[in-house]
Amino acid sequence: MSLNNDDPLIVKIRGVKFTYGVRTIFDNVDIDIPRGKITAIMGPSGTGKTTLLRLIGGQLRPDAGSIEVDGQNVHAVSRDALFQLRKRMSLLFQTGALFTDLTVFENVAFPLREHTRLPESMIRDLVLMKLQAVGLRGARDLLPAELSGGMARRVALARAIALDPMMIMYDEPFTGQDPITVGVIMQLIRMLNDTLGLTSIIVSHDVHELTMICDRMYMIAEGKVMGHGSPEEMKGSASGWVRQFMGGLPDGPVPFHYPAPDYAEDLLAGASRT
Amino acid sequence: MMDWLQRLGHSSLGVFERLGRGNLFLLRVLAAVPSLVLRPRLVIAQLYSVGVLSMTLILISGLNVGMVLGLQGYNTLVDFGAEESLGQVVALSLVRELGPVVAALLFAGRAGSALTAEIGLMKATEQLSGMEMMAVDPVKRVIAPRFLAGIFSMPLLAAIFSAVGVLGGFFVGVGLLGVDSGAFWSQMQAKVDLQDDILNGVIKSLVFGWVAAWIAVYEGYDAVPTTEGVSRATTRTVVHTAFAVLGLDFILTALMFGND
Ligand SMILES: Nc1ncnc2c1ncn2[C@@H]1O[C@H](COP(=O)(O)OP(=O)(O)O)[C@@H](O)[C@H]1O
Ligand SMILES: [Mg+2]
């Protein structure tokens, strides 16, 4: 299967810079994702977590630096090689991105039909196995519009493991879910990671859930890595950023107030106008 | 004045940029077409949905236009005692002009706008992005089949429009106004030429199908991936297709029928 199965790092991000127009999203970021583990990447909304996943998946190109996945430089290989690589890594979009015109069954069957020439009976068995793994074998005939948000994510997860990938990237898997669903998804991520021998990357801002489930954490903000380590190390971090984020404190290096002129002056300016 | 010129320059640059991107996109779609030879079912499914979307509209409009042609044609022809030629007038108007043009306009309003909205929404809900991440090229899997279905369905829709229109003209002319039935059909047969009229009509509708399908899939793929962006793209599809079809119709008519 993998060329570099013995390399303990499955993803190596080195010196990556990325900008949207004039806005710098990443400025010289280094991240290592260890094989077989669950790594969390945390950061406030709008820091570029989704962007990071798209960079790893080769949908976006960094302005500088390199990203290696399983020994291959994602942005230097041919389009064919990139597509081969993508078959081995899944990206679970925040919305699920299910095909709205296909049933649950056909959604999960989609990658199998596109990339294999398996007979129909085998496809059926595989799809039912994947759906069983996420507890939705009974929902196979529903359309995405008939699913709850949590179910849609589980179907997307079943589709993501259809081709037995080596790595799954989850974009905000807990956001907007009720506590029971969050528990179910957390358990699924851990279970799939360990039983299928996957590597998982979870991008999220749900600190509490992440500390319970992940093996390693990265904290990014303002285009930089603000800290990384095991959940325990992160809790005891000396960095103000990390502590504010881990503790959910309203004020700190991330200010509560959007930049504004001095409060008293602002009020007086209004008074002098009337 | 300078300001006005500047804005004019700016917006025409915008137009050329869009045209350029549209052409590059067309090349990508065309490059993806050969891969569909192995998967004709993708195209057939789209043909079916485009056909189903447009069929009722085409049937009803064709019948109506034919009936109006029958009525107006009769009123004019009867002054010259030439009402026997009604079949010819109705058929030629439909096959040469109204069939291809009106069918294309209806196609843009019904199927074209639906294609744009569908593709735009797939983009907005990250279905296209998701496909790419599953190592499936959305241009091959989603765009090219819809483009081909648009091209193939247009001559069929135009032919149906013309056929139903002739029937409508027949009902009014022969059924209501008393034109001789034998004369209606024989005049039509004698004066409608297979190559000059029918083949040229088919060529027109192929060209219109090409343009309408191209605009529809391009606007969808290029849509700003928000609710508002998709709705604007849908409107653009209808408007741009209408302009393109009417403009091209004049050019094609001049080339085909200009010197005889
Ligand atoms: N296509 C785009 N063009 C310009 N800016 C973008 C685009 N996509 C995202 N951004 C900006 O980049 C920043 C990072 O986006 P994103 O990666 O989605 O953040 P996160 O997932 O961490 O919430 C956001 O501030 C967003 O406004
Ligand atoms: Mg995001």
Side-chain angles (χ1 to χ4, degrees), chain A residues 50-51 53-60 69 74 77-102 106-117 144-145 152-153 155-163 165 167-172, chain B residues 24 27-29 31-32 34-50 52-53 111 114-146 149 217 220-221 223-227 229-230:
Chain A
T50 303
T51 307
L53 296 186
R54 288 187 189 275
L55 282 164
I56 297 174
Q59 282 193 325
L60 295 172
V69 175
V74 175
V77 297
S78 69
R79 189 178 152 82
D80 277 348
L82 177 62
F83 269 43
Q84 289 307 320
L85 198 56
R86 279 182 185 168
K87 290 182 198 170
R88 300 194 289 131
M89 56 171 154
S90 292
L91 170 53
L92 217 73
F93 286 84
Q94 200 168 345
T95 52
L98 294 175
F99 301 125
T100 42
D101 55 336
L102 300 181
E106 286 301 322
N107 262 287
V108 180
F110 183 87
L112 296 167
R113 294 197 197 287
E114 290 293 322
H115 293 310
T116 69
R117 297 186 160 275
R153 279 182 206 192
V155 174
L157 189 47
R159 184 175 69 178
I161 55 173
L163 291 174
M167 176 169 97
I168 304 190
M169 299 182 273
Y170 300 87
D171 193 356
E172 313 240 0
Chain B
L24 285 178
L27 290 181
R28 276 183 71 192
V29 176
S35 71
L36 290 173
V37 174
L38 294 174
R39 307 184 65 182
R41 272 207 270 159
L42 287 179
V43 183
I44 292 168
Q46 290 306 319
L47 266 176
Y48 181 77
S49 77
V50 166
V52 166
L53 277 179
L115 280 179
T116 303
E118 187 191 16
I119 296 169
L121 284 174
M122 287 183 84
K123 183 177 179 187
T125 54
E126 298 187 315
Q127 294 180 50
L128 298 183
S129 225
M131 222 175 248
E132 252 176 44
M133 280 305 300
M134 281 185 262
V136 175
D137 182 355
V139 172
K140 279 188 189 159
R141 182 65 176 64
V142 174
I143 308 294
R146 284 164 174 77
V217 294
Y221 195 79
V224 178
T226 59
T227 320
V230 173

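Using a 4.5 Å cut-off between heavy atoms, A:L85 makes no contact with chain B at all.
A:E114 and B:R39 are joined by a salt bridge, as a carboxylate oxygen and a charged side-chain nitrogen come within less than 4.0 angstrom of each other. With respect to A:R54 and B:E126, a salt bridge is recorded, a charged nitrogen being found less than 4.0 Å from a carboxylate O.
Put simply, of B:L128, B:L121, B:D137, the one with the most heavy-atom pairs under 4.5 Å next to chain A is B:D137. Note: A:H115 leads A:K87, A:H115, A:Q84 in heavy-atom pairs under 4.5 Å with chain B.
Atom CG of A:L163 sits about 12.0 Å away from atom CZ of A:R88, to the nearest 0.5 Å.
Cation-pi contact between A:R159 and A:F99: present, with separation from the ring centre below 6.0 Å and deviation from the ring axis of at most 45°.
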